[in-house]
There are 2 protein chains.
Amino acid sequence: MSIAGPSQLPMAKDFSSFLSLEGASRKKSPLKGLLRFMKGDMVSLGGGLPHPSNFPFYSLSSDIASMKPVGQNVKNVAVVNEKAASVSSENVFVPHGPQPGKVENLSSALQMHRPKYQDWDVVLSAGNTDGFAKAVSMLCNRGDQILVEEWTYPAALEMMDPLGIRHVPVGMDGEGMSAVALKDLLDNWGSIPEQANEAKPRVVYLIPTGQNPTGATMSVQRRKDIIKVAKEHDLILIEDDPYYYLQFFIGEDKSADNETQSGWMPTLLSLDTDGRVIRLDTFSKTLAPGCRVGYMSMNARFCTIVQSHNEVTIQQPSGFSQGLLAEMLVSNWGQEGYKRYLTEKVRTEYFNRSQHLQACFRKHVNPRFASFIEPTAGMFVWIKIHVDQHPRYGTMPDSALMLELFNKCVENNVLMVPGWQFSCKPKPSNLDLSDLLGCWFDDEATYLRATFSYATFEQMDQAMTRFGESLEAVFSA
Amino acid sequence: MSIAGPSQLPMAKDFSSFLSLEGASRKKSPLKGLLRFMKGDMVSLGGGLPHPSNFPFYSLSSDIASMKPVGQNVKNVAVVNEKAASVSSENVFVPHGPQPGKVENLSSALQMHRPKYQDWDVVLSAGNTDGFAKAVSMLCNRGDQILVEEWTYPAALEMMDPLGIRHVPVGMDGEGMSAVALKDLLDNWGSIPEQANEAKPRVVYLIPTGQNPTGATMSVQRRKDIIKVAKEHDLILIEDDPYYYLQFFIGEDKSADNETQSGWMPTLLSLDTDGRVIRLDTFSKTLAPGCRVGYMSMNARFCTIVQSHNEVTIQQPSGFSQGLLAEMLVSNWGQEGYKRYLTEKVRTEYFNRSQHLQACFRKHVNPRFASFIEPTAGMFVWIKIHVDQHPRYGTMPDSALMLELFNKCVENNVLMVPGWQFSCKPKPSNLDLSDLLGCWFDDEATYLRATFSYATFEQMDQAMTRFGESLEAVFSA
C-alpha cells in the first residue's frame with residue numbers, strides 16, 4: 001500500500017490506453033480472495049504452503065557493516081580494498097517463524113521517493129532487469145518501438161529483441177539523453193521513409209544517472225526538460241536508475257528545486273505529476289548484486305499489474321534476501337543509517353575510485369589519442385578513441401582501427417568493453433559477435449567502456465599504463 | 001555444464017522447430033564473451049559490478065536441521081508441530097568473498113536426475129512458476145494452445161492467459177492425466193468444429209506427482225504411457241513436479257523399472273530418450289518457498305535459451321539463497337543427507353499429515369455426502385461433493401448447491417479452496433471472481449481442495465468436524 005501523499009496532490013492520469021495486450025489482460029488470482037476470510041476462529045485448509053515449522057532453516061544471520069552514528073567506525077573505510085576484516089560490524093538475526101510486519105515494513109522502507117501525485121505505490125522486483133522486463137511486457141506488443149539512448153545497456157535491448165519489440169535511438173550529449181533530440185524526433189515523426197508506417201513511440205527507456213555505458217548524468221534542468229517533452233508527447237518514461245546513489249557531487253547542482261534540498265538529484269519520478277514515470281531502483285549496486293531485490297515505484301494501477309505478473313513468475317524476491325534487508329534497513333540501520341551508508345560509504349568509495357582511474361588515465365594516456373567526459377556518478381568512464389589521429393585514418397573503416405586497438409589491448413593484458421556492445425544499430429547477422437577479437441561493428445562505436453568499480457587501485461594504474469602503451473603502439477603503426 | 005552420461009546414450013533430438021518466435025531469437029549476450037580473456041595477467045576494467053569488498057554483508061549463517069546419520073536426532077521429530085526449539089540443529093556459515101566452486105557445486109548437486117540421453121543440462125530458476133513461464137515463452141506464440149490436466153494449477157493458466165496462449169483440457173483419472181484421453185484427443189484432432197482451424201497442440205503441461213489440486217500421482221505404467229503418446233505425437237512435456245519428494249509409499253510400486261530401485265517413482269525426464277521433457281524442480285515444498293530457487297533439467301539447447309532468458313530478467317536466484325543452499329546441500333548435508341532429509345523427514349511429515357486428515361474426515365464426515373481418492377503424494381485432498389444426494393438436486397444448478405455449501409463452510413469457520421478455481425473452462429466475464437461468497441462457476445466443479453500441509457493436527461480435526469456439520473446442514477435443507 002502506498003503511503004498516501006498530501007491530499008491536495010492530484011491523482012495519476014489514466015494510462016490504460018498504454019497497456020499491451022498482455023498488460024491489459026493481467027488479472028488478480030482469485031486464490032488470494034481466500035485471504036480475507038482468515039480472521040477470528042477460521043481454520044484454513046486452503047493455501048498450499050508447507051508449515052514454517054517444517055522449514056529446515058531455524059534462523060538466519062549476517063554480519064553487516066555498522067552504521068551507528070557515533071564513533072570512528074564509519075568513515076575512512078570506504079576506499080580500503082581489503083577491508084572486511086578491519087571494519088566494525090554488527091550481526092543482524094532473522095529468527096525462525098513469522099515476523100509480523102517486518103517484511104511489510106521493508107516495503108514502507110523502500111518508499112524513499114515522494115511522487116507528486118496521490119495514488120502511487122511500490123512493488124518488489126528481482127532487480128532492475130527483471131523490473132524492466134515486466135514494465136515492457138505491460139506496455140508493449142510485438143512490433144512496438146521503444147525510444148532508448150543511442151548507447152545503452154545491452155541487456156535491455158537483448159530483452160526486447162526476442163519479444164519483437166524494436167528500439168529507436170535518441171541522441172545523447174554529456175548529460176545523457178537529449179531532450180531536444182527527443183522532442184525533434186517526435187515532433188517530426190513520420191517524416192522519414194522508415195517511420196512512415198510506424199506509430200509514434202510512446203515509451204522511453206533511459207538511465208538518468210551514471211548512464212551505462214557513457215557515465216553521463218542528467219542535470220536538474222535536463223530532467224525537467226525530459227519530463228516536459230514526455231507530457232507534451234504523452235510518453236511513459238521507464239527510469240532505470242541503479243546508479244542513482246552513486247552520485248559524487250551531491251548538493252552541488254544549485255539549480256536544484258525542492259527535491260534536491262536533500263542533496264541528491266531529483267528523480268524523474270519526483271518531477272512527474274501525471275504518473276507517467278516507472279522508476280526502477282535496485283540494491284545491486286549499493287548493497288550487493290546477489291540480493292536480487294529491486295523495487296518499482298509508479299502509479300498504483302501499474303503496480304497492481306506488475307504484482308500480478310510477479311505472482312505468475314517469480315512470486316517475490318528471495319525470502320532470505322527480504323528477511324536480511326528488512327532486519328538491516330528497518331531494524332538495524334534504519335532510514336537514517338541507510339542514508340548515511342549511501343552518502344558516506346557508497347558515494348565516497350565510488351568518488352575515490354573514479355578520481356583514481358581518471359588520475360591514472362591522465363598520467364599514462366596521451367590525450368591526443370583518447371579522451372572522456374568526467375563522470376559525476378556511477379561506475380563507468382566512456383573512453384572516446386580519436387581514430388582521426390591514426391596514420392591510416394580514412395584509408396580503412398573506423399571499426400577496423402578500433403578492432404586493431406582492442407586486439408592490442410588484449411595482447412597487452414588490459415580489458416575494456418568494446419563500444420559496439422552498447423550500440424543500438426542492428427547487429428549484422430553475418431558476424432560472429434562472440435568472436436570479440438574478430439568483429440567490430442558500427443563505425444561510430446569508437447569507444448571503450450572502462451569500469452572503476454572492481455579493480456584495485458594498483459590494477460587501475462597498471463591497466464591505464466597498458467592502455468596508454470597499446471594506444472601508442474597502434475597509433476604509431 | 002552437464003555431467004555427461006555414458007557415451008552410448010543417444011543425443012537429444014533437434015526440437016528447434018518447436019521454438020516460439022521469442023525462443024528462437026534469444027541470443028547469448030556478447031558481454032559474456034569477455035570472460036574468456038580473464039586469465040593470466042589480464043587486468044579487467046570490463047564487467048560493471050561492484051567489488052565484493054564493498055558489500056556491507058560480511059558473512060551469512062543459518063541454523064539448519066542436523067542431518068548427521070548417527071544418533072537419535074533425526075527421526076520422530078517430523079510430526080511434532082512446534083519443534084524448532086527441541087530439534088537438533090547445526091550452523092552453516094557462508095563466509096565473505098568469492099568461494100571458488102561452491103555455487104558451481106550447487107549446480108552439480110542439483111543434477112539429481114539421470115536422463116537417458118547425453119546432452120542434457122540444468123539451469124536455475126526462481127521456482128517452478130518462473131521456470132514454467134520461461135518454458136512457455138520459449139515454446140509458444142500468441143494464439144498457440146497448450147494441453148493441460150482438466151483440473152490444474154491456477155497460476156499456470158493465469159500465466160498463459162495474458163500472453164494469449166490458450167489451454168486445452170485433457171481428461172484425468174485417479175492417476176492424473178489420462179494417456180488414453182491424451183492419445184484420443186490428438187488422434188482425432190480437428191474432428192470437432194472448434195478444432196477445425198487449430199494446429200494440433202505440441203506442448204503438454206502436467207503435474208505427475210501429488211497433482212495440484214487433485215492429489216493424483218501417476219503410476220509407473222501411466223508415466224510410460226504418457227511418454228509413449230508424447231513420442232507418437234511428437235510432444236514436448238513440461239513436467240512440473242514440486243511435490244515429487246512428497247511421496248508417501250516409495251518403493252511400493254513393484255512395476256517400477258530400474259529407475260525406481262531408488263524407491264522413488266521414475267520421473268518423466270528419466271523415461272525420455274529424446275530430450276522432449278522439460279522437468280521443473282523446486283525447493284519450495286521440500287525446504288521453504290522463500291528460497292525462490294528451482295531448477296530446470298532438459299536438453300542442453302533449451303537450457304541455453306532459458307539461461308539467456310534469465311540473463312535479461314532475474315539474472316539468477318538470490319545469492320543469499322544460493323549460498324545457503326550450497327553450504328547446506330553440498331558441504332553440510334551432502335547428497336546423502338539431503339536424501340535422508342527427503343525420505344525420513346519430508347516424506348514422514350506429509351505421510352502423517354495426510355493420514356491424520358483422512359482419519360479426521362472418516363471420523364466426522366458422512367460418506368454419503370463427500371468422498372476422495374486417497375492421495376499417495378503431495379499436500380492435497382480433492383474432496384468430491386456428492387451433489388446428487390442434495391434434496392434439491394436437479395432443481396437448481398450444481399454450482400448453486402456448491403456455493404451454498406461453501407458459504408456454510410465459511411459461516412462455520414472452515415476454509416477450503418473452491419473447485420472452480422482449478423477449472424480449465426473459460427471464466428465468465430460477467431462474474432466477479434473475487435467475490436468468493438457470491439460466485440461459483442462451472443457446474444462440474446463439485447469439489448473442494450483441502451490442504452494438509454499447514455494446519456495443526458488439532459485444527460485438522462476441528463476443520464473436519466465443521467466441514468461434516470456444514471454438509472449435514474446443507475444436505476438436510
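Just the heavy atoms: all of them, side chains too, but no hydrogens, waters or symmetry mates, feed the values below. Chain A is the first sequence line, chain B the second, and so forth, proteins listed ahead of strands; every chain is numbered from 1.
A/Ser62 and B/Ser59 make their closest contact through OG-O, 2.6 Å (heavy atoms, listed as atom of the first residue, atom of the second, distance). Across A/Ala463 and B/Val43, no two heavy atoms sit closer than the pair CB-CG1, 3.7 Å. Taking every heavy atom of both residues into account, B/Val410 and A/Met42 meet most closely at O-CE, 3.6 Å. Nearest heavy-atom pair, A/Leu287 versus B/Phe55, reported as atom, atom and distance to 0.1 Å: O-CD2, 3.1 Å. Closest heavy-atom contact between B/Gly46 and A/Thr451: O-OG1, 2.7 Å. When all heavy atoms of B/Arg142 and A/Leu21 are compared, the closest pair comes out as NH2-CB, 3.5 Å.
Taking A/Met416, A/Gln421, A/Lys427 one by one and counting their heavy-atom pairs under 4.5 Å with chain B, the maximum is reached by A/Gln421. In terms of non-hydrogen atom pairs under 4.5 Å with chain A, the most contact-rich of B/Gln459, B/Arg466, B/Gln462, B/Lys28 is B/Arg466. Of the residues considered (A/Asp130, A/Val417, A/Asp41, A/Val414), A/Asp41 shows the highest number of contacts with chain B, using heavy-atom pairs under 4.5 Å. If you tally non-hydrogen atom pairs under 4.5 Å between each of B/Pro162, B/Gly127, B/Ala155, B/Gly290 and chain A, the highest count goes to B/Pro162. Heavy-atom pairs under 4.5 Å with chain A peak, among B/Lys39, B/Met379, B/Lys134, B/His309, at B/Met379. Contact tally against chain B (heavy-atom pairs below 4.5 Å) for A/Cys291, A/Pro154, A/Cys409: the top residue is A/Cys291. Heavy-atom pairs under 4.5 Å with chain A peak, among B/Gly131, B/Gly47, B/Gly33, B/Gly23, at B/Gly47. Comparing B/Ser44, B/Ala126, B/Ala133 by how many heavy-atom pairs each has under 4.5 Å with chain A, the most go to B/Ser44. Ranking B/Ser29, B/Pro56, B/Ser25 against chain A, the residue ahead of the rest is B/Pro56, based on heavy-atom pairs under 4.5 Å.
Contact of B/Ser284 with chain A is made through the backbone alone, with heavy-atom distances under 4.5 Å. The contact between B/Ser434 and chain A is made entirely by backbone atoms, counting heavy-atom distances below 4.5 Å. Looking at B/Met160, neither its backbone nor its side chain comes within 4.5 Å of chain A, counting heavy atoms on both sides. With a 4.5 angstrom heavy-atom cutoff, B/Tyr341 touches chain A only via side-chain atoms. With a 4.5 Å cut-off on non-hydrogen atoms, B/Pro418 touches chain A through its side chain but not through its backbone. For A/Asp435, the parts lying near chain B are the backbone and the side chain together; criterion is any non-hydrogen pair under 4.5 Å. Contact annotation for B/Phe283: neither backbone nor side-chain heavy atoms come within less than 4.5 Å of a heavy atom of chain A. Neither the backbone nor the side chain of B/Leu157 comes within contact range of chain A; no heavy atom of the residue lies under 4.5 Å from a heavy atom of that chain. Heavy atoms closer than 4.5 Å to chain B are found in the side chain of A/Tyr153, but not in its backbone. Of the two parts of B/Asn128, neither the backbone nor the side chain holds a non-hydrogen atom closer than 4.5 Å to a non-hydrogen atom of chain A. Heavy atoms closer than 4.5 Å to chain A are found in both the backbone and the side chain of B/Ala288. Residue contact with chain A, scored on non-hydrogen atoms closer than 4.5 Å, involves the backbone and the side chain of B/Glu158 alike. When heavy atoms are compared at a cutoff of 4.5 Å, B/Leu325 approaches chain A solely by way of its side chain, counted from C-beta outward. If you measure heavy-atom distances from B/Met138 to chain A, you find no contacts under 4.5 Å at all. With a 4.5 Å cut-off on non-hydrogen atoms, B/Lys285 touches chain A through its backbone and its side chain both.
With contacts defined as side-chain heavy-atom distances shorter than 4.5 Å, the pair B/Leu357/A/Leu45 qualifies. At least one side-chain heavy atom of A/Leu324 sits under 4.5 Å from a side-chain heavy atom of B/Leu60. For the pair B/Met38/A/Leu415, a side-chain contact is recorded, criterion being any heavy-atom separation below 4.5 Å from C-beta on. Here the side chains of B/His51 and A/Arg353 are in contact, with some heavy-atom distance below 4.5 Å. No side-chain heavy atom of B/Pro317 sits under 4.5 Å from any side-chain heavy atom of A/Ser318.
Scored by the ring-ring contact (aromatic ring centres under 6.0 Å, His included) test, A/Tyr350 finds no partners at all (sequence neighbours excluded). The salt bridge (charged side-chain N to carboxylate O under 4.0 Å, His left out) search around B/Glu458 returns none, not counting sequence neighbours.
Panel note: side chain A/Thr129, backbone B/Val312; no donor-acceptor pair is recorded below 3.5 Å. Within the 3.5 Å criterion, the main-chain N or O of A/Ile314 finds a donor-acceptor partner in the side chain of B/Arg292.
Here the straight-line distance linking atom OH of A/Tyr58 with atom CD1 of B/Ile64 works out to 9.0 Å at 0.5 Å rounding. Taking OG of A/Ser137 as the reference point, atom CG of B/Leu163 lies at 8.0 Å (rounded to 0.5 Å).
Open room surrounds NZ on A/Lys27; 12 or fewer heavy atoms of other groups in view lie less than 6.0 Å from it.
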